[in-house]
Amino acid sequence: MRQKNLAVLAALLMLCVGGFSFVMADKGAMPEFSVKAFASGEWMYRFDRMFLRSFPGREGLLDAKEELSALLGQTQRGGIVSTARGLIQTLPQPEEEVVAQNIEYIRTFARSLPAAETYLMLVPGKEELYRDLIHDQNLVWEERELIDRVNGELTAEVYGVDVATALSLHQEEYLFYRTDTRWTMTGAYYAFRELAARLRITERELDSFDIEYVTDQFYGNLYSGAKYRNVQPDSIGLYHYNYDVRFSKVVYHSGKRKVEDAAFFRYDYLDSDNQYGVFFGDEYAVFDILTRRQSAKNILFIGDDLANSLAPFLVPSYAKITCVNLQKLSEPLSAAVDLESYDQVVVLESVARFCQDSGLEKLLT
């Protein structure tokens, strides 16, 4: 089927090129087309150069060009590759000094909270799960090896949480948005099951949830960064427990002021340019999810947007779940929350962020 589609698209592309050759006769020579020249990228380069000038029918021809490029595995823009699993952003090689420093930040932080249990969850991205779909293997590296190495270097005060295995076992499912770097709630669910086992809380089966699909027109951060034309938009599904989890309210921290919301998800964001903001918005660095389980434990979640779609699964097991986005935090963590009030702390980081400047120094300063 792939070879048939490729042949059809190549034929259509050659027909389009031939049909528009006369239009471009006064604007530069049409490069000679061959499958070999196309596969090597040489024809595409010359073709792009020639069509920098506008001409009638340019939009349709670019669509055909992108479809054929995707089938050959050649399409890449600014480190973002178009694959059968959607858009994938390749990562630069890890900065070893940054990795070592981030490990030390977490160790020191854990030692400063002897009464709390501290966990580190490093999350691999699509570029790890679907590495074999990336045409140029020089653009990828083994994230799983780095995760194992980091977990092996943690001290006794920090517990590593392995979610890479669980995600790889379910990689045929809709774990990551096609147009975004972040996971879906399905991906977050499988990570939650691994975390629940480490936290010693109840793992919930899939039949504990009803899924509400709130949009099928979500275009994520990779789409906005690369503007691929023929990429299918994503759907966003919200997991709701199908029994009373004794949820009370969400409290958003805005400096010294706190804003309370009785709604769990932020449906107002579905009408904005950032539909992913349905997961607790994007304007607050700190928010609390409060329940009516006053005798239960409190947990502190330190991470980025990945934490926002995982935190809802924890509601039945805790009195308070506090989420802190270090990227948005403008002050030291100790100034934003009362660290002594938490029984467990989870630092959740994507491998991409952990290997670069992740802001983990705010754990200490």
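- Aromatic rings from His240 and Phe264 are positioned such that their centres are separated by 6.0 Å or more.
- Going from atom CD1 of Ile134 over to atom CD1 of Ile88 covers 5.0 Å, rounded to the nearest 0.5 Å.
- Take Phe109 and apply the ring pair (Phe, Tyr, Trp, His ring centres under 6.0 Å) test, not counting sequence neighbours, and it matches no residue.
- Counting only N and O atoms by type, the side chains of Tyr239 and Thr186 include a donor and acceptor under 3.5 Å apart.
- A salt bridge does not link Lys320 to Asp343: none of the charged side-chain nitrogens sits closer than 4.0 Å to a carboxylate oxygen.
- A donor-acceptor pair is defined here as one N or O able to donate and one able to accept, closer than 3.5 Å; such a pair exists between the side chain of Asn242 and the backbone of Asp207.
- Between the side chains of Glu260 and Tyr252, no donor N or O sits under 3.5 Å from an acceptor N or O.
- Residue pairs meeting the side chain to side chain donor-acceptor pair (under 3.5 Å) criterion with at least one member in residues 88-101, sequence neighbours excluded: Glu96-Arg149.
- Tested against Leu348 for a side-chain contact (heavy atoms from CB on, under 4.5 Å), the candidates Phe301, Phe354, Tyr119 yield a single pass: Phe301.
- Taking 4.0 Å as the cut-off between side-chain N and carboxylate O, Glu143 and Arg131 do not count as a salt-bridged pair.
- In this structure a side-chain-to-backbone donor-acceptor pair under 3.5 Å is missing from Arg178 to Leu87.
- Within the 3.5 Å criterion, the main-chain N or O of Asp282 finds no donor-acceptor partner in the side chain of Asn274.
- Ion pairing between a basic and an acidic side chain is recognised when a charged N comes within 4.0 Å of a carboxylate O; Arg353 and Asp304 show such pairing.
- Between Phe176 and Tyr130, the gap from one ring centroid to the other reaches at least 6.0 Å.
- The distance from the OG1 atom of Thr322 to the NE2 atom of His253 is 6.0 Å, given to the nearest 0.5 Å.
- In this structure, the ring of Phe279 has its center no less than 6.0 angstrom from the ring center of Tyr269.
- Taking the charged nitrogens against the carboxylate oxygens, Glu117 and Lys297 have no contact shorter than 4.0 Å, which rules out a salt bridge.
- Within a 6.0 Å radius of NZ in Lys328, more than 12 heavy atoms belonging to other residues, nucleotides or ligands are found.
- Of the options Arg193, Arg198, Arg144, a salt bridge (charged side-chain N to carboxylate O under 4.0 Å, His left out) to Asp162 is made by Arg144 and by none of the others.
- Under a cut-off of 6.0 angstrom, the local environment of CG in Asp338 is crowded, with over 12 non-hydrogen atoms contributed by other residues, nucleotides or ligands.
- In summary, Asp244 and Arg292 engage in a salt bridge, as defined by a charged side-chain N under 4.0 Å from a carboxylate O.
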